[in-house]
Q: 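Right, I'll just put the structure down here and ask away after.
When a ligand or atom number is given, it counts from 1 through the structure's own listing order. Given the structure is predicted, the values throughout are model-derived calculations rather than measurements.
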Amino acid sequence: MKLFIDTANIAKVEEISAWGILDGVTTNPSLVAKEEGADFKETVINMCGLVNEVSAQITATEFPEMKAQADVYSSWHKNVVVKVPMTVEGLKTLNYCSSKGIHTNTTLVFSVPQAIMAAKSGATMISPFVGRLDDLGMDGMDLIADIMEAWNHYKFETQVLVASIRNLEHVVRAATLGAHICTIPYDVFLELPQHDLTDKGLKKFMEDWESISN
Ligand code: G3P
């Protein structure tokens, strides 16, 4: 499973990429807006120097402008993945990008039919938002289970990227369902290597070592 970080903060990408397990970054306009003063293009290019796949979201809503934006973003660096919203105009853009060899991530996916349409349009990845379904009292991971079940019947090459992750349990369930990628917020990322029994066990090993090496 690929691990992405969901942030537009370059320092956080630098910190986690130094662990050696980070495959990519996803950004979106809301995350970019949190990084006041940072230049978007420069941030994306710098992130591309740290990881293999960086999603940069286009903001146009009509196909001609979306297509033009996709061309611009993909010209910045070979590691740019153009993030395209799940709309009819977005489907046209995905088809265009696919024909040009531009990698894409379809964002704001909330249903199996949306997932299938994005895959048929040649999307490299789709991003179902699990946390936002949880927010509505649903179980967002059910959508991932349904999409993975559908994927088992066909030969879609489109990777399923679990987005809007809020906790470790989302990551665990994504892995057990065989999702291809998780994009994880920084705070949840910091929890991934942690376990109380690891801390306790290490403390005991250190104490025992001290007792014999004095
Ligand atoms: O990358 C998009 C997605 O992860 C957004 O998450 O927490 O705003 O629902 P959230």
Q: Which residue pairs satisfy the side chain to side chain donor-acceptor pair (under 3.5 Å) criterion with at least one member in residues 29-44, sequence neighbours excluded?
A: Asn9-Glu35
Q: Under the side chain to side chain donor-acceptor pair (under 3.5 Å) rule, what pairs show up with a residue in residues 48-57, not counting sequence neighbours?
A: Lys2-Glu53, Ser55-Asn105
Q: Less than 6.0 Å separating the ring centroids of Phe4 and Phe189?
A: no
Q: With sequence neighbours left out, which residue pairs that include part of residues 85-112 fulfil the salt bridge (Lys or Arg N to Asp or Glu O under 4.0 Å) condition?
A: Glu89-Lys92
Q: What is the minimum heavy-atom distance between Pro128 and Leu161, and which atoms define it?
A: CD-O, 3.0 Å
Q: Can you name the residues that come within less than 4.0 Å of ligand 1, going by heavy atoms only?
A: Asp6, Asn28, Lys83, Phe129, Arg132, Ala163, Ser164, Arg166
Q: Regarding His170 and Asp134, is there a side-chain donor-to-acceptor distance under 3.5 Å anywhere?
A: yes
